[in-house]
Amino acid sequence: MWIGILGLGVWYLSSSLGGAAITYTSADNFLIAAGVENGDISSANGCALCKYIIDLFSVLGRATEMFWSAMLDSLWIIIVIGFGIFVIIEAIKHLFEAAKQTTKDEQTEKKLEFKAWTEKIVKQGTRVAIVGVLIGALGMGGVGALKTVSNITITPVMYLGAELSIAASGTGAATQCRALEATENLEQSSNGTDFLNPILSPFLCVIGNINSVMLAGAAGGFSMMNYAALDMGGGALTWLAGLGLVLMFLVIGFDLFFQILSVVFKLIFIVIFMPLLLAAAAFEKTWSFANGLVDKAINMLVSSAVRIVAITLKVIIIFGTVSYAADSYFPGPADGYSVVIPPLLTNGAPENPDTKTLSVLNVFSTCESVSLVDGVVDKDKFTNCFTARKAEVERKYPDAFDFLENGWDFLVMMGFIFALYFLVINQKVDKILGGGDKEMFDYGGWLRGLTTTTLKSPIKIAEWATGKFIKK
């Protein structure tokens, strides 16, 4: 089953790249192959669950609208009743305290001071009035105001993560996140999901950028596999090294997707229960049950922003590490150019290449342009071009393409990097940025546990059946 699951994942990654993944000498060519349309990073391929996430957001958006509409009318009545109770209790307390003070006062003239009581009532009344405006009780605000509050509080968190990840990964030169466009221009606005657009649109940008980086890593693996399969160089070890690279980015990408999803569901919780949070804000520091709710919501927003930054940092570290290793081995030495990993971080600009490296670069870039048909690489045209151009270069530099034989070394290196990521990088980044929130539901851990339980169920059933048979 594990082999089947991994095989399905490898097939899906392969199908997410348009054309044969042999080489990408420019970030633009790779992003086109990854499905990025008109520079919109959220359109990148690689997210098998995104369609269902969008459908889920549609349902949650309609449910949120109905919940808000049903909640606002009755919520104002509860707030007014609560304010009335507060006024009565404060009046009784003030009169009682004044009476106690009067009995101790030796002055002949007795009078009650209501200034302190009035200040409390005015302060609390102001909070209630502000909340009343937001929830539409005073003829203004309402659902529209809550949507504005949601946009102001939620959008920056996700948009920060989207813009930061795009800039850090190097895809920003060719892409952008259009999360701040008006909702009427978004496809989701027609089916009710505009309530959650502050989360959904930037979420798709973050996922799109992670998909691009993960597909870039997987594309390097597919390139090595194709080098071996098309008899361009390498052999079985190079093919295995490529497969190992694909599997590494498959597992890491899947893990990061669920980490992002955990953040998103936190933010959805805030949006859905925003009317109740506003009602709690009206009586914060007044009623004990409302104390800390707003602070917890703010902390949740902050931790979500930090979590997105942490996930972005993980993506950059792992891709940068693999890029450097690929740059050292294919063709090497490290000069900012690799025939394996698409040039996202470096934009394909070698730093100090020698003439041999430039010759290799020219072969791959020329053959890529020759083999491009409707934006995708034709493997047969690439192979024919590569064979001819390679022979020309090897007349001058006989060992120019010997780096294709470095499969075993690269395979060992990928094993170390994979272990380094899960044993050190993943935990260290969470520890530094506080991303390891114990209260956050771990969807990745839950899915892994479910998969393990499912895989073990036939064994459990067999053991149970065997025990029953033996007893009989």
* Asked: Parallel, tilted or perpendicular: which fits the ring planes of F364 and Y227, with parallel below 30° and perpendicular above 60°?
  -> perpendicular

* Asked: Does S14 use its side chain to pair, donor to acceptor, with the backbone of V10 at less than 3.5 Å?
  -> no

* I would like to know whether F410 and T238 meet side-chain contact (heavy atoms from CB on, under 4.5 Å); could you show each step before the answer? => CA-CA 8 Å; F410 194 70; T238 298; over 6 Å; no

* Q259 vs K314 side-chain heavy atoms within contact, under 4.5 Å -> yes

* To do: Evaluate whether atom CD1 of I3 has more than 12 neighbouring non-hydrogen atoms of other residues, nucleotides or ligands under 6.0 angstrom away.
  => no

* Structure fact -> One should read off an interatomic distance between K381 NZ and C367 SG, to the nearest 0.5 angstrom, of 12.5 Å

* Given V339 and S223, is the side-chain contact (heavy atoms from CB on, under 4.5 Å) satisfied, shown in steps? -> CA-CA 8 Å; V339 301; S223 296; over 6 Å; no

* Asked: Please walk me through it: do I210 and I311 pass side-chain contact (heavy atoms from CB on, under 4.5 Å)?
  -> CA-CA 9 Å; I210 289 179; I311 293 170; 3.9 Å; yes

* To do: Begin from the C-alpha positions of V263 and F203 and carry the test side-chain contact (heavy atoms from CB on, under 4.5 Å) through to its verdict.
  => CA-CA 10 Å; V263 174; F203 164 74; over 6 Å; no

* Result of checking N209, L13, V315 against M214 for side chain to side chain contact (heavy atoms under 4.5 Å, CB included) -> V315

* To do: Considering non-hydrogen atoms only, spot the tightest contact between V36 and S43 and give its length.
  => CA-OG, 3.5 Å

* To do: Report the distance from atom OG1 of T321 to atom CZ of F416, rounding to the nearest 0.5 Å.
  => 14.5 Å

* Structure fact -> Between the CD1 atom in I41 and the CG atom in L31, the distance rounded to the nearest 0.5 Å is 6.0 Å

* **Side chain to side chain, I207 and S42, heavy atoms closer than 4.5 Å** => no

* Would you name the heavy atoms of N45 and S16 that are closest together and state the gap between them? => ND2-O, 3.0 Å

* Asked: Does any non-hydrogen side-chain atom of Y421 lie less than 4.5 Å from one of I317?
  -> no

* What is the minimum heavy-atom distance between E368 and F382, and which atoms define it? -> N-CE1, 3.7 Å

* Atom CD1 of I54 and atom SG of C47: how far apart are they, to the nearest 0.5 Å? -> 8.0 Å

* Is the gap between the ring centers of F269 and F265 under 6.0 Å? -> no

* Least distance between heavy atoms, G208 atom then A44 atom -> O-CB, 3.5 Å

* To do: Mind checking the CD1-CG spacing from I53 to L261? Nearest 0.5 Å is all I need.
  => 4.5 Å

* **Side-chain (N29) to main-chain (Y24) donor-acceptor, under 3.5 angstrom** => no

* Is there a side-chain contact between M414 and V322 (heavy atoms, below 4.5 Å)? -> yes

* Residue pair I341 / D327, side-chain heavy-atom distance below 4.5 Å -> no

* Asked: Is the shortest heavy-atom distance from the side chain of L49 to the side chain of F258 under 4.5 Å?
  -> yes

* Asked: Got a second to check how far I417's CD1 is from Y324's OH, nearest 0.5 Å?
  -> 11.5 Å

* Asked: Heavy-atom distance under 4.5 Å between the side chains of L243 and L247, does that happen here?
  -> yes

* **Shortest non-hydrogen contact from N226 toward M232** => O-SD, 4.5 Å

* Can you name the nearest heavy-atom pair linking M413 to A325, along with the distance? -> CG-CB, 3.9 Å

* Below 4.5 Å, heavy atoms only, C-beta onward: do F30 and L17 meet side chain to side chain? -> yes

